[in-house]
Amino acid sequence: MSLVKLLTGTSPVLCIGEEQPKNWFTELQVLKGHFDIVRFLVQIDDFRCASAGDDGLVLVWNVETGERLQELRGHSQQITAITTFTCNNGLTSHTSLLTASSDRSLSLWDPDTGNRVQTISDLQSSVKCLLVLERLCVWVSGGEELCVWNKDFQLQCHKQNHSDTGITALIELPKNCIAAAMDKQIVIYRLTFSTDSSLSMAEIRCLSDHQDQIRALINVNDGFFASGSHAGELILWDAIDWNILAYEHILWEESQACTQAEIRLAAPKPSEMSIQHLTTNGKHILAAVGSGLYVYSIQTKSVVAYRKVAHDSNILHTMLLSDSELMSCSEDGSVRMWEIQDLPLPAEPASAGFFGMWTFGRTNKQSGPPSKKVMEVPNIRMLELTGDLIGHSGAVQMFVSFRENGLVTCSADHLLILWKDGERQSHLRSLALFQKLEENGGL
Amino acid sequence: MIGSPDLVAFTKEDDYGETSPDPWALPEEFSVPLHPLADSNPWAKTSYAKFTKDFILISEFSEQVGPQPLLTIPDDPKICGTFDLNYFSLRIMSVDYQASFVGHPPGTGYPRLSFVEDSRVVLGDSKEGAFAYVHHLTLYDLEARGFVRPFCMAYVSADERKIMLQFQELSLRFSQASECLKAGNRRAFAKELQRKLRDLEYTHSVLQREEGLQREAGPQCMYSAHAVEKANELANVEKSIYEHRDLLRQISSYHHRPRRDPHAVTCQKCITECLSECEVLLDKYAKLANPFSYCDKGKKEDEGQSQINEEGGEDEVNEEEDEGVKRRPSYTPQLIKAKSAKCFDKRLKTLRELCDNTFYEATVELLKDTEKSFRGDLCYLYTRRLDRTLRRKQRVTNFLFEEDLGDEDEDERGTLRPFCAVNHAVDNYTLLNPPPIVLGPEPLELDALEPPHPLDPSSEISRPQELCELGLVGSHLESSPSDQTLETQESSEETKGSFSSDKSGTGQADRQQNLASITSEGPDSDLTPDPDHNTDLERESSSEEMETTAGEDDGDNGGDQTPVSLLEVMSELEASREDECEGATDGACEIQSDLLVPIDTACCMAQEGFLYEASAPETVPHHEQSSYLQPCQTLVVNQEPQAQLPLQDDYTVGSPSSESPAAGLELPVGLLGDAVSRTSAEDGSDCTMSASTGSDRAASPLGYGGVLTLRQRKKHGQGALKFVRQYPFAMQALWCLLSGRTLVVLGADEGRVRRLVAALALFVPAPGKCGERVQAWLSCPFTLTDLQRWKLIGLQRVASPVGSSMLYSLSRYSRYISILDADQKTLRCPPYRGQLLANIADHRTYIRRGSTYFLHLQSMLCRLAAKAFLYTFTHHLHLPVSSTEGSEVVEGRRRCFLQEQLGLGEEDSLILLYLSQLITQQYLQPATGSSAAATCFSFNYTTSVFYKI
């Protein structure tokens, strides 16, 4: 890893320098409050978000002002999962926070008042993931066992789990089904309401096509869901009949193409090809593979753009901001913004640099073949770094975008940073100034 | 008398309060006299004065040695030089226009404390070349003649105009000091009274025991000369107990008086504390209204022993010691001897003893501060005042580059903040005394009455008498403010009269024969009730007493100007008792006693009387006295319009008969508020100086050290000038600071880095009150939070592994910072090509002096702040003029304003934008208020370049 770090540190491509005209985050606010690694960020509404981490604290922040609104204390150990739970009763909808912790408890919080509304403790095992099925007004917790709860925190049904690792991810599928990722398998459960409105759950399918542990499981759209494994396999599934629609072994192709280049360097280490995170906007799937980024088009069922080394170390979270913009954060402490750009037709220096980095210790002659290979693929495009946000001194665990209101990042350095558009903020402040001036009736 | 001093009338160019409303004229505070000393060389004036610079002199009119200097501030013999302090003390003490003579006013029973307002005089001594603002005040001392000790504080300067034009401030500052001294003095006086009362009480008990023994010895003994003498002694002790109790009452009623001095503002908390202290004491000694209960026990216990005690010798002390220890372990009462030592042998209390150490120290500190704040010549003081006035009007932008004006704005708003020795505002002072007790209304006192002594046969009889006594106490307590102010303030002839009447009681003592000449005029009828009161009423039933009271007329009180309604009961009581004692104990009250109280005082009075016999004021009749004093009072520089209110007003203001104590306290405050707001409005300037100007404090380290003084800033101006002259890229570095980009000064030598940081800190906008945005020396890697907090950082360059991590942080955050390498003399920062800073960062500048450069800098930064203010608050630069306008139009207008109207380039605009942002944030701060929100940190993505020498 240190070698890679060294490489990328000196890479001309990834050091975009200080001139970043497309980066509009020109103001930041450091939000302090946590005492340990902050791992989760959840958006509550347009201006609030909640952060949670290893200190067991859940903090609610006002993103517009940077104020800490609430401090939700109650968990004695690290938070393992957090999600929002929206109750829609006719006219009003109220968002609560659902948290799971290593202290084997589950809690429901009201972010407005900071009260713990519901809590369950003394669970058999700690919960690793949470899924809210708003349509059914129930929520599911996954760990060593799979439990279904109603909104009053009453256990509806539960299934013991046979795997050692337990359920690591849960998604909702059509027809009252849920998919749970357990080690190398994806198990499909179906929830059925009996006539006396009691709920039952049945395992109806077990998909065991992955070669390695499943790291990510996401819904793509109504028709598909996707999963990624530690070995770099990306599988696109049909959401209705649970068949494989596409199987992409991300590094396989690459290693094939680069056989000549890999005389010295052994096959990529598993961590380097592990799919850490998957995101989608319905049209593309963005896969974080090791420290690289891959954009997979669902339409063409192929990788349309990629950056093998997008960060200095593992990417922890990604996001597709639009069809062409994406963002990633990594253990190296930075957040990077990318743009999917059409490749300029002549051999561009960027890609040469990219592969040049890959073949460290060799001269440019090795950079020829891979770039040719890239050129061969007809519709491949490139990921251009448009900006980076440097501020955290530890791994950036996660980020949440509030669009033009800014971006919140959380990190292992116990801090949250609120990144904002300085120009917009200054304009807003100016408006506030004139408003206050008017209220005061002059200076 | 000493030759009349050349008093200087206080005159201002314009009339007091009635400035002609010329709309075009500059406000007075803005007009600097171009030639403050137009007549001569401004520096020549001081040349013939025998002292080098202004100082404060505290003097006393000692009753033993006359006027004498006590101390000077600053306490440096060099300052006074050959200036004759003794002579000058004589001069300033001879212009004391306080009415400071005390005694019995006719018709009142007890010696009066004089409640005198301070007087303020400007005095010049052309021969010495000295002019002085002289502030007289009176402190209480139980052992002093008339209980008072006259003091004065003087601000001595060679410049007459300086004193004249700074009169308001001088008066204000010295009033604060005076109030502080007086506050401490009242406490000390109350304590002294307490001690004295204990002694008296003890003496009384001893005497009573003796008398009891005599009575037992046989009826024939009752009328022996010895017995009569003893009875007289006893009566005198009792009288002095009452007198002292009354003094205690008077001192506690001190605060109820309406103050006519608008500058005399005291700390309310101190007052309540002192009041409660006095209340406690009063409560305690109210119980001893009938001293018999106290000594009855002793009588029974040691009948045989007291035979020995007849001499009133020192044995008593030992004998009573165990009893005293039992009762009050803290203090052993002393037997009061009738004949004290010679007056001149007695040591007078020092000022420090008189005023309670805490208060004394605080006053001296205050005066030192005053001395400092008046340093410099008039022109300097004017300029500074002008500067401050102007700055106070620019609150919106002041925080950027100006030094902090401190919390003086509170003082400006009309309410004079009282100076408090024990710092009640901060409230970190742990009270030595129990928390204040609410001023007890009468019922409370009734409750606190001593339960009837089981062994005391007279308790049933004495109790109603006590009740009536308490009623008297109450009414007296309330009445005292009005009559005292009346006597002491306006009609000094009355106090003269009372002084002499006081002596009438003591006048027949062997050693006080010489008083007789004065005493003749004083009616001595009011002296008799006290001794009789106890002896007679024992036999009388109280109902009778009340009846007689109701029926009597107070003919003797005709001379007393106190409201009749208030003193009715008291005077009637006195009158009735007088009648009763007329026949039986007439002799007793005339017979001189060995136990006179206050003995020392009486003795000194005699001396004083002797001394003053020749002097005119003592002997002239009332009317002449008043006419004599009248012209003097007009000479006194009277700042307070209230002081000239007619007498009737005093009655309406001060008469507390219908008021609750609270109202009595509030009323003067209202008056004060008025007066103060008026004076401050006229004055237009502040009177207290912030600690940051002209103070001599040891150079505090920059950063978390505290407020930088002007002198320090000027010194740093030298450093800044050096930096500008030495580094060709100084302009770029300054641009970084002014545009809000954190500048890291990297270096191995701490001193060098610190100096550089201190110099550059002058350029940091909004550095915070104590330079919070500047970190002078940091030896660990910094984080983003530090960058957000600090705008200028001195960083230690180290070659250890720590150093590498530091370098890592430097390169990691390189986009947010500029790095000035102090060792290699390089600068890494975004390129700056603007012209805005060429003026302050010209390395070929002709400015040679640091302070000059500092002032130049200040004016340039002030201009920048003004531009930023304009930019921030110009409506159309930020908001659309019409609803059809888009944000691009506004943006264009903004750019146009910056580039064309202000002529700023891209980089120069950044300075203005940053300053504007700071102004906006500062302006919005109180609204958003919440400290929970972290501050924002703005930056932009630009490449840096490397500058070398």
Side-chain angles (χ1 to χ4, degrees), chain A residues 9 16-33 61-62 64-69 71 332-334 387-394 411 413-440 442-443, chain B residues 393-397 781-789 805 808-809 811-816 830 869 871-879 887 890-891 894 913-914 916-945:
Chain A
I16 101 159
E18 286 159 5
E19 199 84 45
Q20 300 177 9
K22 285 180 181 173
N23 186 352
W24 49 268
F25 293 107
T26 55
E27 189 175 303
L28 65 83
Q29 238 173 320
V30 178
L31 311 182
K32 290 188 211 171
W61 304 90
N62 181 337
E64 284 172 3
T65 63
E67 267 176 285
R68 189 198 304 169
L69 299 173
E71 201 164 305
D332 64 10
S334 67
D388 60 349
L389 304 178
I390 293 175
H392 286 295
S393 54
S411 156
D413 62 5
H414 313 176
L415 298 176
L416 278 82
I417 297 183
L418 188 53
W419 303 85
K420 288 177 172 180
D421 180 355
E423 215 163 296
R424 185 170 180 275
Q425 292 302 316
S426 128
H427 180 62
L428 288 177
R429 277 193 291 266
S430 197
L431 291 182
L433 176 123
F434 283 106
Q435 195 183 344
K436 191 181 173 191
L437 200 61
E438 204 162 311
E439 282 165 13
N440 290 0
L443 274 170
Chain B
K393 304 210 165 173
Q394 300 179 327
R395 285 184 193 281
V396 185
T397 53
F782 57 86
T783 62
L784 187 69
T785 332
D786 300 333
L787 291 182
Q788 194 173 3
R789 188 168 32 166
S805 75
Y808 173 72
S809 68
S811 70
R812 179 169 183 81
Y813 298 116
S814 61
R815 66 175 56 167
Y816 305 123
F869 174 81
Y871 173 79
T872 312
F873 286 94
T874 305
H875 194 273
H876 70 273
L877 295 180
H878 303 276
L879 299 173
S887 59
V890 182
E891 172 67 39
R894 197 152 53 211
L913 290 178
Y914 177 63
S916 164
Q917 188 197 330
L918 288 175
I919 293 172
T920 310
Q921 280 174 352
Q922 173 84 4
Y923 187 74
L924 291 176
Q925 214 158 33
T928 51
S930 54
S931 53
T935 49
C936 290
F937 169 53
S938 299
F939 46 88
N940 37 30
Y941 300 99
T942 46
T943 47
S944 291
V945 290

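The analysis underlying the following values was restricted to heavy atoms, covering all of them including side chains, and did not include hydrogens, waters or symmetry mates. Protein chains get the first letters and strands the later ones, always in sequence-line order, with residue 1 at the start of each.
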Under 6.0 Å from the CD atom of A:E438, do we count more than 12 heavy atoms belonging to anything else shown? no

Ignoring hydrogens and geometry, is there a side-chain-to-backbone donor-acceptor pair from B:Y816 to A:G391 under 3.5 Å? no

Does any part of the side chain of [Y], heavy atoms only, come nearer than 4.5 Å to the side chain of [X], both counted from C-beta?
{"X": "B:Y923", "Y": "A:L437", "answer": "yes"}
{"X": "B:R815", "Y": "A:D388", "answer": "yes"}
{"X": "A:R429", "Y": "B:C936", "answer": "yes"}

Taking all non-hydrogen atoms of both residues into account, name the closest pair between [X] and [Y] and its distance.
{"X": "B:T943", "Y": "A:E19", "result": "OG1-OE1, 3.2 Å"}
{"X": "A:G333", "Y": "B:R812", "result": "O-NH2, 3.1 Å"}
{"X": "B:Q788", "Y": "A:Q29", "result": "NE2-CA, 3.9 Å"}

Check whether [X] gets within reach of chain B through its side chain, its backbone, both or neither, counting any heavy atom under 4.5 Å.
{"X": "A:S426", "answer": "neither"}
{"X": "A:K32", "answer": "side chain"}
{"X": "A:D413", "answer": "neither"}
{"X": "A:L415", "answer": "side chain"}
{"X": "A:L69", "answer": "neither"}

Using 0.5 Å steps for rounding, measure from the [atom1] atom of [X] to the [atom2] atom of [Y].
{"X": "A:L431", "Y": "B:L924", "atom1": "CG", "atom2": "CG", "value": "10.5 Å"}
{"X": "B:T920", "Y": "A:F434", "atom1": "OG1", "atom2": "CZ", "value": "8.5 Å"}
{"X": "A:L433", "Y": "B:H875", "atom1": "CG", "atom2": "NE2", "value": "10.0 Å"}
{"X": "A:I390", "Y": "B:S814", "atom1": "CD1", "atom2": "OG", "value": "7.0 Å"}

Less than 4.5 Å to any heavy atom of chain A: does that hold for the side chain of [X], its backbone, both, or neither?
{"X": "B:T874", "value": "backbone"}
{"X": "B:F937", "value": "both"}
{"X": "B:S944", "value": "both"}
{"X": "B:F869", "value": "side chain"}
{"X": "B:T872", "value": "both"}

Which residue out of B:N940, B:L784, B:T783 racks up the most heavy-atom pairs below 4.5 Å with chain A? B:L784

Side chain to side chain contact (heavy atoms under 4.5 Å, CB included) against A:E71, all qualifying residues, sequence neighbours excluded: A:L57, A:L59, A:R68, A:R73

Can you classify the ring geometry of B:F939 versus A:W419 as parallel (below 30°), tilted (30 to 60°) or perpendicular (above 60°)? perpendicular

